[in-house]
Amino acid sequence: MGLEEFYGKNADHQIFSARVEKLSKRFQEEIGVAPQAWYSSSGRAEIIGNHTDHNHGKVIVAAISCDILAAVKKRDDGIIKIFSEGFEPFSLHVQELDPDPSEYGKSIALVRGVIKGIVERGYTVGGFTAVCDSTVFRGAGVSSSAAYELLVCEILNDLYLHGALSKIDKAIISQFAENVYFGKPCGLLDQSGISLGGINKIDFNDPECPVVESLTPPQGYTLVITNTGGSHAALTKHYAAIREEMQGVANFFGKHYLREVSFEKFLESLPQLRKKVSERAILRAFHFYEENDRVDAASKALKSGDVASFLAAINASGESSMNCLQNCFVPGSVEQPVTLALHVSARLIRDGAVRIHGGGFAGTVLAYLAETEAPSYIKHMSGIFGKENIFSANVRTMGAARMDLGALLR
C-alpha cells in the first residue's frame with residue numbers, strides 16, 4: 001500500500017509527513033500518549049448522475065485526493081472523544097444513542113448515528129479518542145459530512161469488529177446517520193463513493209445491494225472544482241423538493257421511486273400526469289431517466305477508451321441539470337454564480353467537460369479536463385472566484401481505511 005493509493009499520482013510525501021508530525025504532536029499534548037492507529041477518509045466527486053441516487057438511479061462517482069486524517073487510540077470506558085482542527089472537541093458515550101434534534105447539522109450527531117447504525121446490525125462497539133486534520137475542501141461540495149461518517153465507521157469497524165462491515169455496509173450505515181441524526185435527506189452516492197474508493201459506476205436499483213462496477217479514469221485528465229460561493233444553509237428545502245417532485249411523479253403510478261416506473265409508461269402518460277403534478281416535476285423526471293442513460297453511455301465510453309464520448313456525457317449531464325433539473329441557481333434570485341461559472345468554463349475548456357457538482361443551487365462546479373489545460377483554466381477561474389476557491393484533485397483508489405504509517409513514511 002503506497003501513499004499514491006490515498007492521495008493520487010501527485011501524492012507529496014513531505015506534506016504527508018508534516019501532517020503526521022503535527023497530528024502526533026497534538027495527540028501527545030491532548031492525550032499524553034502516542035497514537036495507536038491512523039485512519040484516512042476522503043472527499044468525493046460526483047462525475048455524473050446528478051440527483052438520481054435518491055430515486056434508485058445510476059451514478060458514476062470517484063473518491064478524490066483530499067481527506068480527513070485521524071490519529072486514534074482505543075479506550076475502555078465507552079467514551080468517544082474527537083478533537084478536530086478548527087472545531088470544539090466533543091465526547092459521547094456509545095450507549096447514548098437517542099437522536100437529538102438540537103444536534104442536527106453537527107458532527108456529534110454523525111458519530112451518534114453511525115454507532116446506532118452499527119448497533120442495530122447486532123454489533124457491540126466501544127470508545128476511542130481521535131485527533132483529526134482535514135484537507136477536504138470546505139464549501140466545495142465534496143461531502144465532508146460523508147467523509148466524517150465513513151471515518152468514524154471504519155475506526156469502529158477496525159478497532160471493534162475486526163473488519164466485519166463491508167464497504168457497502170459502511171456506506172449504508174453512514175447514510176442512515178446523515179438522514180436520521182444529521183437531518184439531511186441525502187441519497188447513497190456520497191457515502192458509497194468514499195467507502196468504495198476509486199471511480200465506480202453504481203446502480204442503486206436495490207439500495208441495500210447496489211451493483212458496483214469499477215472503472216478506470218482517463219489518462220491525462222484531471223478534476224478541478226470551483227467553489228462559486230453562496231451558503232447552503234437555506235437550500236435544504238430546494239434539495240428536498242427535487243426528491244419530493246420525482247417521487248410525486250412515481251406516486252402518480254402507484255410507486256415510491258421513479259426507478260419503478262418505465263420511461264415508456266411515463267412518456268405515454270404525460271397528458272394525464274400534467275394534470276396532477278407540475279411541469280417542473282415532469283422535467284425533473286425526464287432528467288432522471290435520461291441521466292441514467294448518460295451514466296451507461298459514460299461507463300461504456302470509459303471501458304472502450306472513448307474519452308470524447310465520456311466527456312460528452314458529462315457535458316450533457318450539466319445541460320440537463322440546467323434545463324430539466326433546474327438546480328444551477330436559486331429560484332427567484334438574481335445571484336447566479338454557479339450559472340456564471342458553468343458558462344465561463346464552457347468558453348475556456350477545449351478538451352474537457354463541465355457540470356454542476358453535487359446538490360446544486362449554490363456551491364460548486366466540476367471540470368474534468370486535460371491536464372495541459374488545467375493551469376490556464378485554474379488561473380482564469382481564480383481571477384473570477386478567488387484562488388482560495390479553486391481546487392484540483394486526482395482520483396484516489398483507496399476507500400476509507402486504516403493506514404500502515406510505517407510503510408507510507410518509508
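Along the sequence shown, residues carry numbers from 1.
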Distance check, rounded to the nearest 0.5 Å: [X] atom [atom1] versus [Y] atom [atom2]?
| X | Y | atom1 | atom2 | value |
| --- | --- | --- | --- | --- |
| Leu156 | Ile118 | CG | CD1 | 4.5 Å |
| Ser192 | Arg44 | OG | CZ | 11.0 Å |
| Ile155 | Leu161 | CD1 | CG | 12.5 Å |
| Leu223 | Glu371 | CG | CD | 10.0 Å |
| Tyr39 | Met403 | OH | CE | 12.0 Å |
| Asn200 | Leu215 | CG | CG | 6.5 Å |

Has the side chain of [X] got a donor or acceptor atom that lies under 3.5 Å from a matching backbone atom of [Y]?
| X | Y | result |
| --- | --- | --- |
| Arg284 | Leu325 | yes |
| Ser320 | Ala316 | no |
| His357 | Glu46 | yes |
| Thr397 | Glu5 | yes |
| His287 | Asn50 | yes |
| Thr135 | Cys66 | no |
| Asp133 | Leu69 | no |
| Ser262 | Lys265 | yes |
| Arg402 | Asp158 | no |
| Tyr181 | Leu97 | yes |

Smallest separation among heavy atoms of [X] and [Y], with atom names:
| X | Y | value |
| --- | --- | --- |
| Arg355 | Ile314 | CD-CG2, 3.6 Å |
| Ala63 | Gly193 | CB-O, 3.6 Å |
| Lys170 | Ser174 | O-OG, 2.8 Å |
| Val277 | Ile282 | CG2-CG1, 3.8 Å |
| Val354 | Ser345 | CG2-CB, 3.7 Å |
| Ser278 | Glu245 | OG-OE1, 4.4 Å |

Can you tell me if [atom1] on [X] sees more than 12 non-hydrogen neighbours from other groups inside 6.0 Å?
| X | atom1 | result |
| --- | --- | --- |
| Gln219 | CD | no |
| Gln95 | CD | no |
| Glu335 | CD | no |
| Asp76 | CG | no |
| Lys9 | NZ | yes |
| His256 | NE2 | no |
| Arg350 | CZ | no |

[Y] and [X], any side-chain heavy atoms less than 4.5 Å apart:
| X | Y | answer |
| --- | --- | --- |
| Leu340 | Phe329 | no |
| Glu30 | Lys81 | no |
| Ile202 | Leu189 | no |
| Leu159 | Val72 | yes |
| Ser107 | Ile82 | no |
| Gln36 | Arg75 | no |
| Leu348 | Glu373 | no |
| Thr222 | Tyr377 | no |

What I want to check is whether the side chains of [X] and [Y] have a donor and an acceptor closer together than 3.5 Å.
| X | Y | result |
| --- | --- | --- |
| Glu319 | Asn323 | no |
| Ser317 | Glu291 | yes |
| Tyr239 | Asn327 | no |

Exercise. From the options Ile199, Val395, Leu302, select the one residue that forms a side chain to side chain contact (heavy atoms under 4.5 Å, CB included) with Ile47.
Key: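 Exactly one candidate clears the test, Ile199.
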Self-check item: Whether Phe90 and Tyr148 hold their rings parallel, tilted or perpendicular, with breakpoints at 30° and 60°
Solution: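 Phe90 vs Tyr148 ring planes: tilted.
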Exercise. Give me the ring orientation class for Phe266 and Phe286: parallel if the planes are under 30° apart, tilted from 30 to 60°, perpendicular past 60°.
Key: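 If you compare the ring of Phe266 with that of Phe286, the planes turn out perpendicular.
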[X] bridged to [Y] by N-O distance under 4.0 Å:
| X | Y | answer |
| --- | --- | --- |
| Lys184 | Asp190 | no |
| Asp306 | Lys300 | no |
| Asp203 | Arg259 | yes |

Quiz prompt | side-chain hydrogen bond (donor to acceptor under 3.5 Å, both in side chains) partner of Lys58, chosen from Asp296, Asn292, Thr52 | solution =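 Running side-chain hydrogen bond (donor to acceptor under 3.5 Å, both in side chains) over Asp296, Asn292, Thr52 with Lys58 returns exactly one hit, Asp296.
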Quiz item: Under the 6.0 Å and 45° cation-pi test, does Lys275 pair with Phe252?
Solution: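 No, a cation-pi geometry is absent between Lys275 and Phe252.
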Can you confirm if the aromatic rings of [Y] and [X] lie within a centre distance of less than 6.0 Å?
| X | Y | value |
| --- | --- | --- |
| Phe27 | Phe83 | no |
| Tyr123 | Tyr160 | no |
| Tyr368 | Phe310 | yes |

Quiz item: Is there a side chain to side chain contact (heavy atoms under 4.5 Å, CB included) between Val20 and Phe16 once you walk through the steps?
Solution: CA-CA 6 Å; Val20 168; Phe16 179 68; 3.7 Å; yes
